[in-house]
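Just below is one structure, and these are the notes that go with it.
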Amino acid sequence: MSNSNWMSQLPAELHTVPLFNLAIPGSHDSMSYDLDLNSSIIEPDRLKRFSKIYCVRKTVRKWATTQEVAMAKQLESGVRYFDLRIARKPNDTNPTRLYFYHGLYTRTDVETVFKDIQKWGADHPKEILILALSGFKGFDKKNEWNLHNHLIHFIKNLFQAKIIQRTEKPTLKSCWDRGKNIIVSYDHPAYLQPALWGKINYYYGDSMDTTKIQSKLCHVLEQKRPSNCFFVCGLNLTLPNDARILKYILRLCDNLPNVIRRSLPRLLRWLNQQSAKTPVNIVASDLVTRDNFVSTVVKLNLKSAKA
């Protein structure tokens, strides 16, 4: 069964439930399928000085690629929340051109990707898309104001009346009635305005160990779960930020997607069990088209409808 229009196919009793209380599939580092092997290294800081060495860039890409399909396929698969980290490339001849990043910069610029999202959203008006913008690397103080304002102006001009304002408590029905289906979260308090939502809290296990991830997320869901706002339960794996990272990146025949493929089924089984005790909202993952991730999350809504 296709999930390309899953929101419009939910039972009628869920149409008036706040989006904060629906289970929504999301992708972690959504644009990492597009990392440019020829770009300089943007993170981690300690590797930046090795940017000119091809094998270092290749290793960074192997362990920074969390998604394997393009944005259009993520949308078609049913993903509705996108983790989009924004950066400006140093010495770019275009003063306002921006890219995405995760370890390396992407090949495709922000405006091109957002135009594709806008077109897909226009073709699927009952599917609500949540774009979470963060990072803003390379936004130096001398050009920060200009870059933020250019980006925000572009977003508002592109999506126009489709944007759901942050003063609202949206449901599927309220969005459909007014022809709106785009939510933009902008993780920079200095530039917030009614058209933009603030940072959406993203809770994750900060580990490569699925048991530790489950334990941390359990704690959040059982003791710290926000109410009346969006929040993300991140199933993603996270590489260590110290010498322990060598345990992974020195594996010549391994990469992050392989590790994720081995871990994701276990995490999804845990999600199914945990959701019976504590409801979730946005659930973000790596490799979103694998192991029935989207269907697993969408079906959580059907459980709550029957309850």
Rounded to the nearest 0.5 Å, what separation is found between the [atom1] atom of [X] and the [atom2] atom of [Y]?
X      : Y      : atom1 : atom2 : result
Arg46  : Arg49  : CZ    : CZ    : 10.0 Å
Leu22  : Leu172 : CG    : CG    : 5.5 Å
Ile24  : Cys233 : CD1   : SG    : 13.0 Å
Leu35  : Asp29  : CG    : CG    : 8.5 Å
Cys229 : Phe231 : SG    : CZ    : 8.0 Å
Cys253 : Asn258 : SG    : CG    : 9.5 Å

Within the 4.5 Å heavy-atom criterion, are [X] and [Y] side-chain neighbours or not?
X      : Y      : result
Pro25  : Val288 : no
His28  : Ser285 : no
Val259 : Trp63  : yes
Leu47  : Pro44  : yes
Thr296 : Asp291 : no
Ile183 : Leu129 : no
Leu237 : Ser207 : no
Lys180 : Ile163 : no

Establish whether [X] and [Y] are linked, either directly or via other cluster members, by ILVMFWY side-chain heavy-atom contacts under 4.5 Å.
X      : Y      : value
Leu264 : Leu256 : yes
Ile164 : Ile155 : yes
Trp197 : Ile200 : yes
Val220 : Leu235 : yes
Ile117 : Trp6   : yes

Does [atom1] in [X] sit with more than 12 non-hydrogen atoms of other residues, nucleotides or ligands closer than 6.0 Å?
X      : atom1 : result
Lys199 : NZ    : no
Lys173 : NZ    : no
Asn292 : CG    : no

Output yes when a side-chain donor or acceptor of [X] lies under 3.5 Å from a complementary backbone atom of [Y], and no otherwise.
X      : Y      : answer
Arg57  : Leu37  : yes
Asn21  : Val17  : no
Lys169 : Pro18  : no
Asn281 : Leu19  : yes
Ser215 : Lys212 : no
Arg88  : Gly138 : no
Arg85  : Leu133 : no
Asp92  : Asn94  : yes
Asn236 : Asp286 : no
Gln273 : Trp270 : no

Looking just at side-chain N and O atoms, do [X] and [Y] make a donor-acceptor pair shorter than 3.5 Å?
X      : Y      : answer
His150 : Glu111 : yes
Lys162 : Gln118 : no
Trp120 : Glu127 : no
Lys126 : Asn181 : no
His102 : Gln67  : no

Checking side-chain contact (heavy atoms from CB on, under 4.5 Å) between Tyr101 and each of Glu43, Met31, Lys89, which is the one that passes? Glu43
Only one of Phe82, Phe293, Tyr33 forms a side-chain contact (heavy atoms from CB on, under 4.5 Å) with Ser27, so which one is it?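 Only one of Phe82, Phe293, Tyr33 forms a side-chain contact (heavy atoms from CB on, under 4.5 Å) with Ser27, namely Phe82.
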side-chain hydrogen bond (donor to acceptor under 3.5 Å, both in side chains) between Asp109 and Thr112, intermediate numbers included: CA-CA 6 Å; Asp109 66 89; Thr112 298; 2.9 Å; yes
Under the side-chain contact (heavy atoms from CB on, under 4.5 Å) rule, what do Gln274 and Glu222 come out as? Steps first, then yes or no, please. CA-CA 10 Å; Gln274 182 66 32; Glu222 292 173 5; 3.2 Å; yes
Apply side-chain hydrogen bond (donor to acceptor under 3.5 Å, both in side chains) to residues Lys303 and Asn272 and explain how you reach the verdict. CA-CA 10 Å; Lys303 286 183 183 180; Asn272 248 326; 2.9 Å; yes
Using the rule given for side-chain contact (heavy atoms from CB on, under 4.5 Å), can you reason through Arg97 versus Thr93, listing the C-alpha separation, both sets of side-chain angles and the distance that settles it, and then say yes or no? CA-CA 8 Å; Arg97 183 161 49 206; Thr93 54; 3.8 Å; yes
Does the salt bridge (charged side-chain N to carboxylate O under 4.0 Å, His left out) test come out yes or no for Glu68 and Arg261, once each step is laid out? CA-CA 12 Å; Glu68 56 189 352; Arg261 279 191 284 269; 3.6 Å; yes
Are Tyr186 and His148 close enough that their ring centers fall under 6.0 Å?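 That pair passes the under 6.0 Å test.
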Please confirm whether Phe20 and Phe230 have ring centers closer than 6.0 angstrom. yes
Among Thr66, Asp83, Thr106, which one satisfies side chain to side chain donor-acceptor pair (under 3.5 Å) with Ser32? Thr66
Identify whether the distance between the nearest side-chain nitrogen and carboxylate oxygen of Lys48 and Asp45 falls below 4.0 Å. yes
Applying side-chain contact (heavy atoms from CB on, under 4.5 Å), run through Leu158 and Lys115 and close with a yes or a no. CA-CA 7 Å; Leu158 177 67; Lys115 286 175 183 175; 4.1 Å; yes
Run the side-chain hydrogen bond (donor to acceptor under 3.5 Å, both in side chains) test on Arg266 and Thr210 for me, step by step, so that the C-alpha distance in whole Å, both residues' side-chain angles and the decisive distance to 0.1 Å come before the verdict. CA-CA 8 Å; Arg266 210 171 314 141; Thr210 55; 3.0 Å; yes
Kindly assign one of parallel, tilted or perpendicular to the pair Tyr81 and Tyr202, based on the angle between their ring planes and the thresholds 30° and 60°. tilted
Return the orientation label for the Phe159 and Phe114 ring planes: parallel under 30°, perpendicular over 60°, tilted otherwise.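 Ring orientation, 0 to 90° scale: tilted.
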Might you point out which heavy atoms bring Leu147 and Pro95 nearest each other, and give the distance in Å? CD2-O, 3.3 Å
May I have the step-by-step check of side-chain contact (heavy atoms from CB on, under 4.5 Å) for Tyr204 and Val232, ending in yes or no? CA-CA 8 Å; Tyr204 62 106; Val232 183; over 6 Å; no
